2 protein chains.
Amino acid sequence: MTNAFLLAQLGAYATGRFAERIGELGLTPPLTGMLRAIAATPAMSQQELAGHLGMPPSRLVAFLDDLEGRGLIERRQNPADRRQSALYATAHGTDTLRAVGDVSRAHDEDITAPLSPAERERLAALLGRIAAHHGLTEGVHPGYRTVRH
Amino acid sequence: MTNAFLLAQLGAYATGRFAERIGELGLTPPLTGMLRAIAATPAMSQQELAGHLGMPPSRLVAFLDDLEGRGLIERRQNPADRRQSALYATAHGTDTLRAVGDVSRAHDEDITAPLSPAERERLAALLGRIAAHHGLTEGVHPGYRTVRH
DNA sequence: TATTGTTATACTCTATAACTATA
DNA sequence: TATAGTTATAGAGTATAACAATA
C-alpha cells in the first residue's frame, strides 16, 4: 500500500472517530474548526473567515447561526461599517474549546496508540514536512472545501 | 498540531488530489475502489461486495450500473441461484486498473515529494502499524461509510 | 417465508445566484 | 454602483424502506 493511500485511509478513519467523540459534546468537525478559528483571530468579518477556511460566505451563515444560538460565539456589528459583523468567541465558547482540547488529546492518544513516544515525534515531523510542502494552512482542515466523488 | 489532526488534514488533501488525477481517466475514488475490489476477488455477489466495502447494497447499484455501462465490469447471473449476480472485471477493466496504478504511483510520488526514500519507508511502516492496530481493511477506504458532519 | 438486487423516497449538504441593507 | 451578509433554489449523495423475482 502506498503512503498516499494510507494517509487517505487513516485520515478518513481519524476524521470519523473525531466526529464521534466531539459529537458527545454536541459539536461537529466544521463547527469545531470554526470556533477554533474565531477564537484564534478575534474580530474577523464573515468574509475573512470564509476566505480563511476556503468556503463560500453563504455557507458560513447557517454554521454561525448554530454557534451563536448555542452561545459559543457572537456577532457584533462593526460600527465603522455596519454591513460587517465582527466575530468573537464567548466565554462559553472558550470553555468549550478547552473541552475540545481534552477530547483532541484523548483522540490523538487513541489514534497513535501502537507507537512509542519517540515514534510519535518522528511521525509528526514527517507529516509536518509533507503538510508544509503542500502549503496546507496550519490547523485548517480542507474538509471545508467540497471534494466531489 | 497533533498526529491525528495532521492525518485528517493530509488525508483529505491526498483524497482530493487523487480525485482530480483519476478524474482525468473519467473515474472517481468510489468507482476506482470498487473496480479494484471486483478485480481482486472475482465472482463476488453484490451483497458480498457491499459488505466488504461497508456500504448498503442499494447504494452499490448505481455505481455498478456506471462501471458496467463503461464496459469495465460485468454482472453474470449465477446459474445456481438466479437472484445473485457474480461480478467480474472485464479486460478493459483490468487495463484501466493498470492506468490507475500509474496514476497512483505518480500521486504517491507527488504527496511524499519532500521525503527521502528511507523516510518514505519509515513513514509507510508507521502508518501501516496504525492502520493495522485499528483494524482497517487493506486497500479499503472508509469513505464508503458516510461520516455526517 | 426469506433473500437478492432494484427502485422510491426523504433528508442532508453543497454551490450559485438573487436579494437587502448599507456604503 | 459596489460590498457584507442573508436567503432561495437546485443539484448531488446518502440511508431507509418498499418492491419484484427467485429461492
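Convention: sequence-line order gives letters A, B, ...; per-chain numbering from 1. Please read all numbers here as calculations on a predicted model, not as lab measurements.
A:Leu60 is listed as a side-chain neighbour of A:Met34, based on a closest heavy-atom distance under 4.5 Å. With a 4.5 Å cut-off on side-chain heavy atoms, B:Glu119 and A:Arg129 count as touching. With a 4.5 Å cut-off on side-chain heavy atoms, B:Leu27 and B:Leu72 count as touching. Proximity of A:Ile111 to A:Tyr13: side-chain heavy atoms (C-beta onward) are separated by under 4.5 Å at one or more points. You'll find the side chain of A:Gln77 stays beyond 4.5 Å of the side chain of A:Ser85, heavy atoms only.
The CG-P distance, from B:Leu60 to D:dA15, rounds to 11 Å in whole Å. In this structure, B:Gln46 places its CD atom 8 Å from C1' of C:dT4, rounding to the nearest Å. In this structure, A:Glu68 atom CD and D:dG5 atom P are separated by 13 Å, rounded to whole Å. Rounded to whole Å, atom C1' of D:dT7 lies 11 Å from atom CG of A:Asp65. Atom pair B:Met55:CE and C:dG5:P shows a separation of 14 Å (rounding to whole Å applied). The CE atom of B:Met44 sits 16 Å away from the C1' atom of C:dG5 (whole-angstrom rounding). The interatomic distance linking B:Glu48 (CD) with C:dG5 (C1') rounds to 13 Å, in whole Å.
Of the candidate nucleotides D:dT14, C:dG5, C:dA15, D:dT14 has the atom lying nearest to any side-chain atom of B:Phe63. When distances run from any side-chain atom of A:Pro56 to the nucleotides C:dT16, C:dG5, D:dG5, the shortest one goes to C:dT16. You'll find that the side chain of A:Arg59 is closest to C:dT14, out of D:dT14, D:dT6, C:dT14. Ranking C:dA15, D:dT14, C:dT4 by closeness to the B:Gln84 side chain, first place goes to C:dT4.
For the helix from C:dT1-D:dA23 to C:dA23-D:dT1, the rotation axes defined at the first and last 5 base pairs enclose an angle of 30°, given to the nearest 10°.
Taking all atoms of both residues into account, the shortest heavy-atom contact from A:Asp110 to B:His133 is O-CE1, 4.5 Å.
Tested against A:Leu127 for a side-chain contact (heavy atoms from CB on, under 4.5 Å), the candidates B:Thr2, B:Leu10, B:Leu126 yield a single pass: B:Leu10.
The shortest distance between the side-chain N/O atoms of B:Gln47 and the OP1/OP2 oxygens of C:dT3 is not below 4.0 Å. Taking side-chain N and O atoms only, A:Ser45 has no distance below 4.0 Å to OP1 or OP2 of D:dA4. Checking the phosphate oxygens (OP1, OP2) of C:dT6, a side-chain nitrogen or oxygen of B:Arg75 falls inside 4.0 Å.
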Protein proximity profile, nucleotides 17-23 of chain C - base contact B, sugar-phosphate-only contact S, no contact -, cut-off 4.0 Å on heavy atoms: B---BBS
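Applying the side chain to side chain contact (heavy atoms under 4.5 Å, CB included) rule to A:Arg83 yields the partners A:Asp81; only residues at least two apart in sequence or on another chain are considered.
Going from atom CG of A:Leu87 over to atom OG1 of A:Thr41 covers 10.5 Å, rounded to the nearest 0.5 Å.
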